[in-house]
Amino acid sequence: MILFLVILFLGNIPSFVFSASQPKINCLIINLDYVNCTWSEHEQNYSFNSRFLHDQIQQCPTYLRIKGVNVGCIFPYKKPQRFNTLNTWLYSDNGTLVIEQNHEMKALVKLNPPFSLSVVEKKDAELWLYWNITTDRSCTESQIRHRTDNNDWKITTPGHRTSFSLPFPSKKRYEFQVRARIGNPCGESMFWSDWSEPVYWGFLKANNNTESVINMSVMSMVPYIVGATVVLIILSCLLVYSERLRIILIPVVPNAGRNVSNYLAALFDNYDGNVEKWLSMPKDLENGFKPNFTERACPVREYSIVSQSSTDSESILSNPTDLSSDYQCMHSYSSSSTIPGSAETLQTQDLSQVDIPV
């Protein structure tokens, strides 16, 4: 009888209870704007339905997908709804109910990170940090973390204020970040927002780790410097003691004065000053400099005319044979002769003032 009752009870249990891969649904209200529900099993496309208490059941308007498989759902949220219970249902492809869950959403709220962080140094030697949040300030509490020069973080909770002061800052670099959540007056949330973008003040001072890295880099350069010095010394020794290498790297400049002296000594010692033999000129070129014609010698006489009586002058003028013959010879072989003819000269010039040029 007892065995029969056990079998009958097991037969009335839904089949999804025995599923080893039964998914679990997790829901979270994001920044009081929408609800994000996800499930852990991604082997098949599930369909999702939900409703807040006293509301109508609604199908998922927007699915979250990974590689074409539904992994979550996003649907709108109205502010008072987080104090009501959220009912969720997950169905398989064939419409079979896989799991049904209820969620108390009051503490399941995650805000967006604070934004517009700024740091101001006041005249009374204080640093003031300011930031903005996306929800009602009276319902939100903030948390700050700050550090100097990449040291450990220090966390401070200023409550509902959106400002923070740090007295007497040192000459270091400060880094600040802020996060927020729904506070106790409005139903405290379990989830803090993500940390905001960091904001900085001051200058970064190298810590011990940075100094050790710098020292290690300097020490690693020492072997390279020593090796380069040794190579330069070896090359210098080769340059000094190796004649062949020295000639290649530093060619010898020829001594022009010594070469000219050798040439002149060879000219006067071996060739007796004969430039033609010293130059070893070809026979044809040497014969080209010798004259190949002869000139006829022309006698030149000096004539002088002296004033005499008319009888003497007549006798002189009557016998010009020698002068004319000599003049013809000179005229035929010298184009630059300036001796005039005897008859014309004696008739036109004054016989007492004419000198015949040689």
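Using a distance-only test at 3.5 Å, with no hydrogens or angles considered, no donor-acceptor pair links the side chain of N132 to the main chain of S116. Panel note: side chain T96, backbone S92; no donor-acceptor pair is recorded below 3.5 Å. Counting only distance, with no hydrogens or angles, the side chain of S189 and the backbone of V109 share a donor-acceptor pair below 3.5 Å. Listed for the D149 side chain is no donor-acceptor partner under 3.5 Å among the backbone atoms of N151. Looking only at distances, no side-chain donor or acceptor of Y200 sits under 3.5 Å from a matching main-chain atom of G202.
Heavy atoms from other residues, nucleotides or ligands lying under 6.0 Å from NZ of K122 number more than 12. For CG of D93, the number of neighbouring non-hydrogen atoms (other residues, nucleotides, ligands) closer than 6.0 Å is greater than 12. Other residues, nucleotides and ligands contribute more than 12 heavy atoms inside 6.0 Å of the CD atom of Q44. Heavy-atom neighbours of Q58 CD from other residues, nucleotides or ligands within 6.0 Å: above the threshold of 12.
Here H103 contributes atom NE2 and L108 contributes atom CG; the two are 9.0 Å apart, rounded to the nearest 0.5 Å. Note: W131 CH2 to F115 CZ = 13.0 Å, rounded to the nearest 0.5 Å. To the nearest 0.5 Å, the span separating CZ on R145 from OG1 on T157 amounts to 13.0 Å. Rounding to the nearest 0.5 Å places CG of L28 at 11.5 Å from OH of Y77. Distance CG/N112 to CG/D194: 8.5 Å, rounded to 0.5 Å. Separation of atoms CD (E175) and NE2 (H146) is listed at 11.0 Å; rounding is to 0.5 Å.
W153 and I144 end up in different hydrophobic clusters when Ile, Leu, Val, Met, Phe, Trp and Tyr side chains are linked at under 4.5 Å. A single hydrophobic cluster is seen to contain both I182 and M190, as judged by linkage of ILVMFWY side chains at heavy-atom distances under 4.5 Å, directly or through other members. When hydrophobic clusters are built by joining Ile, Leu, Val, Met, Phe, Trp and Tyr residues whose side-chain heavy atoms come closer than 4.5 Å, directly or via intermediates, I74 is grouped together with M105. The cluster map of Ile, Leu, Val, Met, Phe, Trp and Tyr, joined by side-chain heavy atoms under 4.5 Å apart, puts L127 and Y130 in different clusters. Taken together through direct or relayed side-chain contacts under 4.5 Å among Ile, Leu, Val, Met, Phe, Trp and Tyr, V178 and Y174 form part of one hydrophobic cluster.
Of all heavy-atom pairs spanning F52 and N84, the tightest one is CD2-O, 4.0 Å. Contact record, P113 with S193: CA-OG, 3.8 Å, taken as the closest heavy-atom pair. The shortest non-hydrogen separation linking W192 to K110 is O-CE, 3.7 Å. Closest approach of P23 to V98, counting heavy atoms only: CD-CG1, 3.6 Å. Across every non-hydrogen atom of R179 and P114, the tightest pair is CA-CD, 3.8 Å. Contact between A107 and F191 at its shortest, heavy atoms only, is O-CD1, 3.9 Å.
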Open item on the list: Could you go through L111 and I133, starting from their C-alpha distance and side-chain angles, then the distance that decides it, and tell me whether this counts as side-chain contact (heavy atoms from CB on, under 4.5 Å)?
Closed with: CA-CA 9 Å; L111 300 178; I133 54 178; over 6 Å; no
TODO: Applying side-chain hydrogen bond (donor to acceptor under 3.5 Å, both in side chains), run through N45 and R65 and close with a yes or a no.
DONE: CA-CA 9 Å; N45 271 330; R65 298 174 180 271; 4.6 Å; no
Open item on the list: Between K106 and E188, does the salt bridge (charged side-chain N to carboxylate O under 4.0 Å, His left out) criterion hold? Intermediate values first, please.
Closed with: CA-CA 8 Å; K106 175 183 175 181; E188 186 178 80; over 6 Å; no
TODO: Start with the C-alpha distance between L32 and T134, add both sets of side-chain angles, then the distance that settles side-chain contact (heavy atoms from CB on, under 4.5 Å), and finish with yes or no.
DONE: CA-CA 10 Å; L32 300 178; T134 57; over 6 Å; no
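The SG atoms of C37 and C27 are placed within less than 2.5 angstrom of each other.
Using a 3.5 Å distance cut-off with no hydrogens or angles, the side chains of E104 and T85 do pair a donor with an acceptor. Neither side chain, Q177 nor W195, offers a donor N or O lying under 3.5 Å from an acceptor on the other. Of the N and O atoms on the side chains of S50 and T88, not one donor lies less than 3.5 Å from an acceptor on the other residue. Between the side chains of H160 and S138, no donor-acceptor pair of N or O atoms lies under 3.5 Å.
Screening T38, I99, L86 against I25 for a side chain to side chain contact (heavy atoms under 4.5 Å, CB included) leaves a single residue, I99.
Ring geometry for W39 against F48 counts as parallel: the plane angle stays under 30°, on a 0 to 90° scale with 60° as the upper cut.
Not a single ring-ring contact (aromatic ring centres under 6.0 Å, His included) links F75 to another residue, sequence neighbours left out. For L232, there are no side chain to side chain contact (heavy atoms under 4.5 Å, CB included) partners, not counting sequence neighbours. Applying the salt bridge (Lys or Arg N to Asp or Glu O under 4.0 Å) rule to D136 yields no partners; only residues at least two apart in sequence or on another chain are considered.
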